K.L.:
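One structure coming up, written as structure tokens, with questions to follow.
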Amino acid sequence: MATVLDNCVSSESATTSVYRSAQPVVSFEEAEGLAEQFGSPLLVASRTALMRNYQAMRQALPGVEFFYAAKANPAEAILRPLYEAGCSVDVCSYGEMLAALKAGFTPDQMIHTHPCKTVQNLTSCYAEGLRWFTFDNANEIPKLARYAPDVNLLLRLAVSSTSSLINLSAKFGAAEPDAVPLMLEARAAGLTVKGMSFHVGSQCRSPEDFSAALSQARRIWDRAAAAGIELEVLDFGGGLPAPYRDSVLSLDVYCRSLSQSLDETFGDLPVRIIGEPGRGMCADTVSLITRVIGKSVRGGTTWYIIDDGLYGSFSGQMFDHVEYPLLARNAQDRPVFPCVVAGPTCDSSDVVTREQLLPDLEIGELLVVPTMGAYTCASASNFNGLDMARMIGIE
Ligand SMILES: *Cc1c(COP(=O)(O)O)cnc(C)c1O
């Protein structure tokens with residue numbers, strides 16, 4: 001049978017929308033104005049881009065309930081528009097729960113997906129009204145039974161994936177043979193297991209990885225049913241990719257392929273299906289405006305020092321293993337040269353890129369960096385006494 005992917009990639013008329021490339025949410029003119037008004041470094045979050053992503057997912061995955069993974073970016077400029085659009089939210093800590101409450105979400109619109117919680121994390125979120133949690137190991141069971149006995153649980157499974165940049169099953173998820181015994185053990189402790197979840201890994205470039213994970217989930221689902229455990233919820237996690245230096249499949253094509261896999265694996269069952277996109281939802285809805293604050297020639301190579309770096313919004317380069325594209329004004333009309341771009345701290349490892357071709361930049365000139373929404377400011381610090389980039393929301 002032809003898949004959604006085959007059809008799209010082979011149909012000429014569709015090629016323009018098959019891939020999604022990194023596009024800034026502001027023009028250079030707008031960036032100049034905003035930097036003038038708010039200073040730099042500045043993160044600009046576009047509500048229009050966020051709604052475009054959310055609606056693309058909803059249309060291509062009909063019937064799926066979306067819980068935005070707040071871990072990717074818990075800023076109000078992301079959380080509030082999603083709340084207003086009717087999205088739900090995935091939190092991993094009490095801090096993320098408080099950010100979601102502040103943006104308007106109620107506890108019944110939340111799922112807590114940390115498989116290994118401190119008692120403090122569990123009891124704070126439980127006391128605030130959260131009732132959906134996940135677990136992946138036997139040591140979590142007595143903790144849940146003691147402090148949150150009446151919650152709904154999802155068992156997190158480890159799944160294999162081949163095209164993800166970040167493998168999240170390396171740290172979390174029950175192995176296939178342990179899955180049903182863990183559900184039985186939880187039930188014996190008086191807990192209610194309502195479903196299963198998995199995560200194919202973040203920046204998962206091929207939707208085919210979902211298809212393999214879903215088949216594995218279906219095998220375990222049937223074994224649970226045979227053991228007398230009636231499950232209702234399947235949570236396929238996050239993993240949807242975003243464009244950085246390389247393009248990725250468009251959300252529409254990617255999600256239609258995922259929808260087809262869901263139909264093939266779970267279409268015959270009355271299952272409530274939920275997804276927890278983080279990166280795929282918010283990454284390309286935020287652009288960074290950063291300024292050249294210094295310039296020197298070292299060993300024949302030009303070094304630019306900019307006002308944001310690895311300890312700030314570019315922290316994703318360390319923790320998320322992403323290389324961001326840097327855009328200069330009218331770069332296509334100016335000769336470009338290899339250069340090094342480094343961050344503002346006194347740490348010599350604070351280098352944003354050594355492999356960038358840029359025009360001869362003036363001190364004070366702006367660079368715009370698209371796809372700065374996910375795992376960027378969320379993991380930034382104030383190292384060296386420097387302020388983190390301010391974030392503003394635009395329409
Ligand atoms: C990080 C995470 C997500 C979001 O993953 P993305 O790859 O950013 O979409 C979703 N669910 C869980 C449990 C996570 O840990």
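Bear in mind that the values here come from a model prediction, so they are computed numbers and not experimental data. In listed order, ligands and their atoms are each counted from 1.
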K.L.:
Centroid separation under 6.0 Å, is that true for the rings of Phe236 and His199?
P.N.:
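Ring-ring flag for His199/Phe236: false, centres at least 6.0 Å apart.
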K.L.:
Any side-chain to backbone donor/acceptor pair from Asp308 onto Ser313? Under 3.5 Å, distance only.
P.N.:
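Looks like yes, one N/O pair under 3.5 Å.
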K.L.:
Under 3.5 Å, N or O to N or O, is Tyr375 touching ligand 1 that way?
P.N.:
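Between Tyr375 and ligand 1, an N or O pair is found under 3.5 Å apart.
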K.L.:
Check the side chains of Asp347 and Tyr311 for a donor-acceptor pair under 3.5 angstrom, ignoring hydrogens and angles.
P.N.:
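Judged by distance alone, the side chains do pair up.
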K.L.:
Mark up the atoms of ligand 1 that fall under 4.0 Å of a heavy atom belonging to Thr113, in ascending order.
P.N.:
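That gives atoms 13 (C) of ligand 1.
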K.L.:
Which bit of Ala72 is near ligand 1, meaning a heavy atom under 4.0 Å away: side chain, backbone, both or neither?
P.N.:
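For Ala72, there is no contact with ligand 1 at all, from either part.
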K.L.:
Can you list the atoms of ligand 1 that are under 4.0 Å from a heavy atom of His199?
P.N.:
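Answer, ordered by atom number: 2 (C), 3 (C), 4 (C), 5 (O), 6 (P), 7 (O), 10 (C), 11 (N), 12 (C), 14 (C).
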K.L.:
By number and element, which atoms of ligand 1 are closer than 4.0 Å to a non-hydrogen atom of Pro277?
P.N.:
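Near Pro277, the atoms of ligand 1 are 9 (O).
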K.L.:
Under 4.0 Å from any heavy atom of Ser202, which atoms of ligand 1 are there?
P.N.:
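With Ser202 as reference, the close atoms of ligand 1 come out as 6 (P), 7 (O), 8 (O).
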K.L.:
Okay, side chain of Tyr254, backbone of Gly280: is any donor-acceptor separation there less than 3.5 Å?
P.N.:
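Side chain of Tyr254 to backbone of Gly280, a donor-acceptor pair under 3.5 Å: no, none is there.
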K.L.:
Under 4.0 Å between a Lys/Arg side-chain N and an Asp/Glu carboxylate O for Glu65 and Arg272?
P.N.:
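The answer is yes: the pair qualifies as a salt bridge.
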K.L.:
Once you restrict to heavy atoms under 4.0 Å, what part of Lys71 touches ligand 1? Side chain, backbone, both or neither.
P.N.:
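Answer for Lys71: side chain.
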K.L.:
Which of the numbered atoms in ligand 1 are under 4.0 angstrom from any heavy atom belonging to Asp90?
P.N.:
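It comes down to these atoms of ligand 1: 10 (C), 11 (N), 12 (C).
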K.L.:
Look up atom CG in Leu367 and atom CD in Glu365, then write down how far apart they are to the nearest 0.5 Å.
P.N.:
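Taking CG in Leu367 and CD in Glu365, the distance rounds to 7.0 Å.
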K.L.:
Applying side-chain hydrogen bond (donor to acceptor under 3.5 Å, both in side chains), run through Asp284 and Thr371 and close with a yes or a no.
P.N.:
CA-CA 4 Å; Asp284 65 351; Thr371 328; over 6 Å; no
K.L.:
Would you kindly specify which portion of Phe172 sits under 4.0 Å from ligand 1, judged on non-hydrogen atoms: side chain, backbone, both or neither?
P.N.:
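For Phe172, there is no contact with ligand 1 at all, from either part.
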K.L.:
With heavy atoms of Gly238 as the reference, note each atom of ligand 1 found under 4.0 Å away.
P.N.:
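So the answer, numbered in order with elements, is 5 (O), 9 (O), 10 (C).
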K.L.:
If you count the atoms of ligand 1 from 1 in the order shown, which ones are under 4.0 Å from a heavy atom of Arg279?
P.N.:
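Result: 6 (P), 8 (O), 9 (O).
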K.L.:
For Arg156 and ligand 1, does the shortest N/O to N/O distance drop below 3.5 Å?
P.N.:
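The answer is no, given that Arg156 and ligand 1 share no N or O pair closer than 3.5 Å.
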K.L.:
Has Ala374 got any heavy atom lying under 4.0 angstrom from an atom of ligand 1?
P.N.:
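It does not, in that no heavy atom of Ala374 comes within the 4.0 Å cut-off of ligand 1.
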K.L.:
Consider every N or O of Ala69 and every N or O of ligand 1, then say whether any pair is closer than 3.5 Å.
P.N.:
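N/O-N/O distance under 3.5 Å: no.
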K.L.:
Distance from Glu84 atom CD to Leu82 atom CG, nearest 0.5 Å?
P.N.:
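The distance works out to 9.5 Å.
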K.L.:
Answer yes or no on whether Arg245 is positioned over the face of Tyr324, meaning its NZ or CZ is under 6.0 Å from the six-membered ring centre and within 45° of the axis.
P.N.:
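The answer is no, since Arg245 fails at least one limit relative to Tyr324.
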K.L.:
Between Arg20 and Asp252, does any side-chain N to carboxylate O distance fall below 4.0 Å?
P.N.:
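Salt bridge between Arg20 and Asp252, a charged N being under 4.0 Å from a carboxylate O: no.
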K.L.:
How does Thr134 reach ligand 1, by side chain, by backbone, by both or by neither, if only non-hydrogen atoms under 4.0 Å count?
P.N.:
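Neither part.
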